Asker: 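Would you mind keeping the following structure in view while I ask a few things?
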Amino acid sequence: METKTRAPGLWRRVRWPLIAAIGPIAFGSNYFVTHEFLPADSPLWGSAIRALPAGLVLLIVARRLPVGAWWWRSMILGTLNMGMFFCLVYVAAQLLPSSIAASLMSLSPIVIAAAAWLLIHERPAPRVIVGAVIGGAGVLLIVGTATGALDGWGIAASIASMVLSSIGAILTKRWQDDTPVLTVTAWQLIVGGVELLVAAAIVEGAPPAITPVDSLAFAYVSLVATALAFVCWFTGFRHLPAGVVGVIGLLNPVTGVLLGVLLGGETLTPLQIVGILLVLASISIVNTRRRTPRRRVSAARPSARRSDRSQLRNGDAGSRHPGE
């Protein structure tokens, strides 16, 4: 009986962190698929093809258009979380070595926690701060020593993408209501996809030729690494503190490195192994809740009721006349 009762309790504690973790894991797989199978000379078209079909598929499933304030909310969130974020990430990827970009993104849990504190007054717990520091150190070990030319515009683009996406995620949490996460995600992806489509047509001209292999890769990137990933990511923000989700997001670079090792023939250094362990430890730390002793209210109530009944009986006996 004790094992049966513990299993549901354990699942309730871990289900939302596990669902939230699907997001950064899928985001991390996007790096490998994009690098190996997608054309690199049309980043804006690649982002548009990634975002817009994902939004349309989710909209077909949701079958619901924005109502009232969700029209302008979707415009803001779609621009922050999708449109501007994808553009800035591609600019950073073109101007900075991946190690430097990943090093900068390791600060995202702290930025997310700060944005949550400012926008929704969600003060980060001490364990979240500790987990963010440990996880950030782990990411720095994973990407190794950042080497290469430092481009000011690239650094600015990387930091801006991190800040804007953090604000967008917290606003998504602040504006949450009974609207399903899948529906809100669909609206954001469509807004961002349309913005990217216009930007791609202006900057890059005609869309690139797509081979059958490209089509399969785009299908994975759009449906799994975008649609599914963002639904799980925003679900995490709905059910967990923002700082906790931010630390879980560090699984993104971990996934990218592990896929490079498993599928790309890369090797792990001892420092990278230590970094992966630190990231996993940080996620465990932020999801550890302090147990509070439960009061045995149910056990106390019967005794209280018995004492009340005894007092009533005594009172009745005392009020009765001896001759009664």
Side-chain angles (χ1 to χ4, degrees), residues 10-30 54-55 58 61-62 73 77-78 80-82 85 105-125 127-132 134-136 138-139 161-189 192 223-256 279-289:
L10 177 62
W11 169 245
R12 284 194 296 269
R13 288 197 302 271
V14 303
R15 61 173 175 173
W16 298 124
L18 289 177
I19 291 174
I22 296 175
I25 290 174
F27 293 147
S29 68
N30 175 65
L58 292 182
V61 176
R73 288 178 179 177
L77 296 178
L80 294 175
N81 291 326
M82 312 298 175
F85 175 71
M105 291 302 291
S106 67
L107 300 173
S108 59
I110 298 176
V111 177
I112 289 175
W117 196 349
L118 293 174
L119 296 178
I120 60 177
H121 308 292
E122 185 180 281
R123 188 171 183 175
R127 71 176 189 277
V128 173
I129 299 175
V130 173
I134 294 176
V139 172
S161 67
M162 177 177 57
V163 172
L164 292 178
S165 63
S166 299
I167 294 175
I170 299 306
L171 288 178
T172 303
K173 185 177 180 69
R174 177 176 180 175
W175 291 334
Q176 66 185 15
D177 51 18
D178 58 347
T179 307
V181 174
L182 186 145
T183 305
V184 176
T185 306
W187 299 338
Q188 295 183 52
L189 283 170
L223 297 179
V224 177
T226 302
L228 175 64
F230 274 108
V231 169
C232 294
W233 183 242
F234 290 141
T235 299
F237 277 101
R238 176 162 292 196
H239 295 279
L240 295 170
V244 172
V245 183
V247 175
I248 294 175
L250 295 177
L251 287 173
N252 187 335
V254 171
T255 302
V279 171
L280 297 178
S282 70
I283 295 173
S284 177
I285 289 172
V286 300
N287 285 286
T288 300
R289 296 181 181 179

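Note that the numbering runs from 1 along the sequence shown for the chain. All values derive from a computational prediction rather than experimental measurement. The analysis underlying the following values was restricted to heavy atoms, covering all of them including side chains, and did not include hydrogens, waters or symmetry mates.
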Asker: What I'd like to find out is whether the side chain of L240 reaches to under 4.5 Å of the side chain of P17, using heavy atoms alone.
Answerer: yes
Asker: Distance-only, no hydrogens or angles: does the T226 side chain make a donor-acceptor pair with backbone N or O of L223 under 3.5 Å?
Answerer: no
Asker: Can you see which heavy atom on G168 is nearest to which on L77, and at what distance?
Answerer: O-CD2, 3.5 Å
Asker: Please state whether the rings of W16 and H239 are parallel, tilted or perpendicular, taking 30° and 60° as the class boundaries.
Answerer: parallel
Asker: Looking only at non-hydrogen atoms, find the nearest pair between I112 and G246 and report the distance.
Answerer: CD1-CA, 3.8 Å
Asker: Given L250, which of V279, I134, T255 fulfils the side-chain contact (heavy atoms from CB on, under 4.5 Å) condition?
Answerer: V279
Asker: For the CG atom of L182 and the CH2 atom of W187, what is their distance to the nearest 0.5 Å?
Answerer: 10.5 Å
Asker: Please verify the inter-ring angle class for F234 with F237; under 30° counts as parallel, over 60° as perpendicular, anything in between as tilted.
Answerer: tilted
Asker: Indicate the atoms forming the closest heavy-atom contact of A229 with A26, along with that distance.
Answerer: CB-CB, 3.6 Å
Asker: Has Q188 got a side-chain atom pairing as donor or acceptor with N81's backbone, closer than 3.5 angstrom?
Answerer: no
Asker: Indicate yes or no: at least one non-hydrogen side-chain atom of V184 is less than 4.5 angstrom from one of W175.
Answerer: no
Asker: Side chains of L280 and L251: does their closest heavy-atom pair fall under 4.5 Å?
Answerer: yes
Asker: F85 and S161: which non-hydrogen atoms are nearest, and at how many Å?
Answerer: CD1-O, 3.5 Å
Asker: Calculate, to the nearest 0.5 Å, the distance between atoms CZ and OG1 belonging to R73 and T172 respectively.
Answerer: 10.5 Å
Asker: Between R174 and L119, which heavy-atom pair has the shortest distance, and what is it?
Answerer: NH1-O, 3.5 Å
Asker: Drop me the distance from M82's CE to L164's CG, to the nearest 0.5 angstrom.
Answerer: 13.5 Å
Asker: Evaluate side chain to side chain contact (heavy atoms under 4.5 Å, CB included) for N287 paired with I248, printing each intermediate quantity in order.
Answerer: CA-CA 9 Å; N287 285 286; I248 294 175; 4.0 Å; yes
Asker: In Å, rounded to the nearest 0.5 Å, how long is the span from CD1 of I22 to CG of L228?
Answerer: 6.0 Å
Asker: Indicate the atoms forming the closest heavy-atom contact of P24 with W233, along with that distance.
Answerer: CD-CE3, 3.8 Å
Asker: Nearest 0.5 angstrom please: E122 CD to I170 CD1, how far?
Answerer: 6.5 Å
